[in-house]
Amino acid sequence: VQLVESGGGLVQPGGSLRLSCVASGLTFSSYHMSWYRQAPGKEREWVASSNTAGWMNYADSVKGRFTVSRDNAKNTVYLEMNSLKSEDTAVYSCRALRLGREYWGQGTQVTVSS
């Protein structure tokens, strides 16, 4: 199983980025997919999730700014991030979860700075 994130980078405050996480080696449509982030010196925190039924949920800190979506045909989960703030700076990782078994990607760096 492999999860590979991409789409991170440097963006100015107020800008946008779209992250992608491509999964291989698993039945993607059967997995609950989530995005997490970890800022320097801080604990990893949950950002957003998309379950197999198309239900989505968000952390309060990103609600209204971030959108999670998935394309089961492409084995990919996305995180559209708008109105980015400096406090969104972190390494963003995706997680696949099913029946207690989880897999993580290596992460992609998002830096919000002027």
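The basis for the numbers below is simple: all heavy atoms, side chains too, and nothing from hydrogens, waters or symmetry mates.
Closest non-hydrogen pair, Asn82 versus Ser16, comes out as OD1-OG, 2.8 Å. Between Val1 and Gly25, the shortest heavy-atom contact is CG2-O, 3.3 Å. Contact between Val22 and Thr76 at its shortest, heavy atoms only, is CG2-OG1, 3.6 Å. In this structure, Ala90 and Ala39 approach most closely via the heavy-atom pair CB-N, 3.8 Å. Taking each heavy atom of Ala23 and Leu3 in turn, the nearest pair found is CB-CD2, 3.3 Å. Nearest heavy atom pair, residue Gly8 against residue Thr108, reads N-OG1, 3.2 Å.
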Run the side chain to side chain contact (heavy atoms under 4.5 Å, CB included) check on Val11 and Thr111 step by step: do they pass?
CA-CA 6 Å; Val11 63; Thr111 302; over 6 Å; no
Evaluate side chain to side chain contact (heavy atoms under 4.5 Å, CB included) for Ser93 paired with Gln38, printing each intermediate quantity in order.
CA-CA 8 Å; Ser93 301; Gln38 187 167 21; over 6 Å; no
Run the side chain to side chain contact (heavy atoms under 4.5 Å, CB included) test on Phe28 and Asp71 for me, step by step, so that the C-alpha distance in whole Å, both residues' side-chain angles and the decisive distance to 0.1 Å come before the verdict.
CA-CA 9 Å; Phe28 181 80; Asp71 185 338; over 6 Å; no
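Distance alone, capped at 3.5 Å, is enough to place a donor-acceptor pair between the Glu5 side chain and the Gln106 backbone. In this structure, Tyr103 contributes its side chain and Leu26 its backbone to no donor-acceptor pair below 3.5 Å. In this structure a side-chain-to-backbone donor-acceptor pair under 3.5 Å is present from Arg70 to Asn51. Although no hydrogens or angles enter the test, the distance criterion places no donor-acceptor pair under 3.5 Å between the side chain of Ser50 and the main chain of Ser69.
Looking only at side-chain heavy atoms (C-beta outward), Tyr92 and Met81 come within less than 4.5 Å of each other. Contact check for Gln12 versus Val112: no side-chain heavy atoms found under the 4.5 Å cut-off. Between Leu10 and Ser113 there is a side-chain heavy-atom pair separated by less than 4.5 Å. Looking at heavy atoms from C-beta onward, Val47 lies out of side-chain contact with Tyr58 at the 4.5 angstrom threshold.
When Val62, Leu79, Val91, Thr89 are each tested for a side-chain contact (heavy atoms from CB on, under 4.5 Å) with Arg37, only one passes: Val62.
How far OH of Tyr31 is from CZ of Arg101: 6.5 Å, rounded to the nearest 0.5 Å. In this structure, NE2 on His32 lies 8.5 Å from CG on Asn57, to the nearest 0.5 angstrom. Between atom OG of residue Ser34 and atom CZ of residue Arg95 there is a gap of 6.0 Å, rounded to the nearest 0.5 Å.
For residues 68-90, there are no ring-ring contact (aromatic ring centres under 6.0 Å, His included) pairs, not counting sequence neighbours. For the disulfide bond (SG atoms under 2.5 Å apart) condition, the pairs that include at least one residue of residues 84-114, sequence neighbours left out, are Cys21-Cys94.
Salt bridge annotation for Asp88-Lys85: absent, with no cationic side-chain nitrogen under 4.0 angstrom from a carboxylate oxygen.
Think of Trp46 as one node in a network of Ile, Leu, Val, Met, Phe, Trp and Tyr side chains linked at under 4.5 Å; its network also takes in Tyr36, Trp104.
For Lys42, the NZ atom counts as loosely surrounded, since its 6.0 Å shell holds 12 or fewer non-hydrogen atoms of other residues, nucleotides or ligands.
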